[in-house]
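Structure, as structure tokens:
As the structure is a prediction and not an experimental result, all values here were calculated from the model. Reckoned from all heavy atoms, side chains included, excluding hydrogens, waters and symmetry mates.
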Amino acid sequence: MGVMMDDRSSKLILVPILAVLFVMIGYQYICPAGSNSYQDLEDDSPPRLPSKFNFTERDLDRHVEFNIKGDDVIVFLHIQKTGGTTFGRHLVRNIRLEQPCDCKPGQKKCTCHRPGKEESWLFSRFSTGWSCGLHADWTELTNCVPVIMDKKEAQRNKRNFYYITMLRDPVSRYLSEWKHVQRGATWKTALHMCDGRSPTQDELPTCYSGDDWSGVTLTEFMNCPSNLANNRQVRMLADLSLVGCYNLSSMNESQRNHILLSSAMSNLKNMAFYGLTEFQRKTQYLFERTFSLRFIAAFTQINSTRAANVDLSEPVRRRIEELNFLDVQLYEYAKDLFLQRFQFTRQREHQEVRLKRREERRWLREQREQAENDFPTTTEDYTSQVARW
């Protein structure tokens, strides 16, 4: 009888221990710790410098309640040579969705419908095509997208449009556009609609005669005063109706430049999201946190671009910066805001993880104490409990 009692008491002592272990394992499955897939994010961060810009918490907190099943639409403003093609493909092929975009082999466009509906949740080159014109800018998209979507999809409810874009270092972007034009690209079918019309030939003269500008040298490219590559990012993000569109005689150059830059900065800040070509992983991280969507595969940073392979002298680099002096200021602003948004979001996430772990520890402690109270842990406790039975 004594041997049997010892065996039973030994087994009984194991019960609370096994119970606690079971609870701990189960909790890890139900409430797993935060993902470690972004531990490399700090590696590409430049040294923290004092910010020149006074951003508010509202400027830094860009989380939106994106309802893919409701009336929300992401609108991608694709600026040439900013990595927009790669990012655009991520949007249609790389997001984990209940109903993924339908991308058929051999077709550039994918069908990105809401779950159970024949309505698009994404307005972009690879979903709806160039519906508002080739590489439509902010001025064109904000006037065109609501009209186009109403024509395609009859809908009673008002849609919520979330504009997004990608930016790139101005010198690298400019060189990339030059190399692209040198290979024969023109974008001459772009509409450049503003205040209901396209610019006249006098307002926007072409830089070349013939079908394209293939073979253009960098010097020739820089010497054309009407080259749309100059300050392209500011022009495509600004409200051009504020400066008389492409009519350069509507105000003096200094006033026009000031208005364009201020408008571009304001529109960029108020967009739901923008990424930087130079920070692919941070771009992925911020997009995922902004829209509560997750990509399937990680973004990759490719630094061996055609622009990177151009051997520039310092005078030529300075000339490109002068030609793109508005873009240089915009990019400085954009980079500062982007990195501050990353730091803000990252710190908030770390705080949430710490709070979650604290709650986990408290919960496990309570479960352990409960298990110890529910089961006898010693022979004396067991004998006492048997006596009560």
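No side-chain donor from either of Gln280 and Gln284 sits under 3.5 Å from a side-chain acceptor of the other. At a cut-off of 3.5 Å, with distance as the only test, no side-chain donor of Arg346 or Gln343 sits close to an acceptor on the other residue. Judged by distance alone, the side chains of Gln340 and Ser51 do bring a donor and an acceptor atom under 3.5 Å apart. Thr85 and Arg125 form a side-chain donor-acceptor contact under 3.5 Å, judged by distance and modelled atom types alone. If you check the side chains of Asp72 and Asn67, you find no donor sitting under 3.5 Å from an acceptor. When only modelled atom types and interatomic distance are considered, Ser120 and Lys152 share no side-chain donor-acceptor pair under 3.5 Å.
Side chain of His90 to main chain of Ile95: no donor-acceptor pair is present (N/O by atom type, distance under 3.5 Å, no hydrogens or angles). In this structure a side-chain-to-backbone donor-acceptor pair under 3.5 Å is missing from Thr290 to Phe273. Of the possible polar contacts, none joining the Arg281 side chain to the Ala298 backbone as a donor-acceptor pair under 3.5 Å is found. Between the Arg235 side chain and the Leu228 main chain, a donor and an acceptor come within less than 3.5 Å of each other. A donor-acceptor pair under 3.5 Å is formed between the side chain of Ser198 and the backbone N or O of Leu191. Within the 3.5 Å criterion, the main-chain N or O of His192 finds a donor-acceptor partner in the side chain of Glu140. Counting only distance, with no hydrogens or angles, the side chain of Glu278 and the backbone of Asp169 share a donor-acceptor pair below 3.5 Å. Distance alone, capped at 3.5 Å, places no donor-acceptor pair between the Ser226 side chain and the Leu204 backbone. When atom types are taken as modelled, the side chain of Tyr274 and the backbone of Ala334 share a donor-acceptor pair closer than 3.5 angstrom. For Trp178 (side chain) and Val216 (main-chain N/O), a donor-acceptor pair under 3.5 Å exists by modelled atom type.
The pair Glu153-Lys117 fails the salt-bridge criterion, with no side-chain N (NZ, NE, NH1 or NH2) lying under 4.0 Å from an Asp/Glu carboxylate O. Between Arg114 and Glu119, at least one side-chain nitrogen of the basic residue sits less than 4.0 Å from a carboxylate oxygen of the acidic one, meeting the salt-bridge criterion. Salt bridge present: Glu98 and Lys69 bring a charged side-chain N and a carboxylate O closer than 4.0 Å. A salt bridge links Lys104 with Asp102: at least one charged nitrogen is closer than 4.0 Å to a carboxylate oxygen.
Within 6.0 Å of the CD1 atom in Ile302, the count of heavy atoms belonging to other residues, nucleotides or ligands does not exceed 12. Other residues, nucleotides and ligands contribute over 12 non-hydrogen atoms within 6.0 Å of the NE2 atom of His63. More than 12 heavy atoms of other residues, nucleotides or ligands shown are found within 6.0 angstrom of CG on Asn270. Counting non-hydrogen atoms of other residues, nucleotides and ligands closer than 6.0 Å to CZ of Arg256 gives a total above 12.
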Worked verdict on Asn257 versus Ser254 for side chain to side chain donor-acceptor pair (under 3.5 Å): CA-CA 5 Å; Asn257 289 338; Ser254 175; over 6 Å; no
From CA spacing to verdict: disulfide (SG to SG under 2.5 Å), Cys110, Cys101: CA-CA 6 Å; Cys110 304; Cys101 296; over 6 Å; no
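For the pair Lys158/Asp71, no side-chain contact is recorded, criterion being any heavy-atom separation below 4.5 Å from C-beta on. Using a 4.5 Å heavy-atom threshold, the side chains of Trp121 and Pro115 count as separate. Looking at heavy atoms from C-beta onward, Arg62 lies out of side-chain contact with Leu286 at the 4.5 angstrom threshold. A 4.5 Å side-chain heavy-atom check between Val171 and Leu312 finds at least one atom pair inside the cut-off.
Sorted by first and then second residue, the salt bridge (charged side-chain N to carboxylate O under 4.0 Å, His left out) pairs with a member in residues 313-330 form an empty list; sequence neighbours excluded.
Aromatic pair Phe126/Phe76: ring centres not closer than 6.0 Å. Not less than 6.0 angstrom separates the ring centroid of Phe338 from the ring centroid of Tyr331. Aromatic ring centres of Phe287 and Phe295 lie closer together than 6.0 Å. For Trp138 and Tyr163, the distance between ring centers is not under 6.0 angstrom. Ring centers of Phe342 and Phe279: at least 6.0 Å apart, outside the cut-off.
A tilted orientation is assigned to the rings of Trp130 and His135, their planes being inclined by 30° to 60°.
Leu97 and Val92 end up in the same hydrophobic cluster when Ile, Leu, Val, Met, Phe, Trp and Tyr side chains are linked at under 4.5 Å.
Remark: Thr186 pairs with Lys188, Tyr208, Asp212 by the side-chain contact (heavy atoms from CB on, under 4.5 Å) rule, at least two apart or across chains.
When Leu260, Thr142, Thr139, Ile259 are each tested for a side-chain contact (heavy atoms from CB on, under 4.5 Å) with Asp239, only one passes: Thr139.
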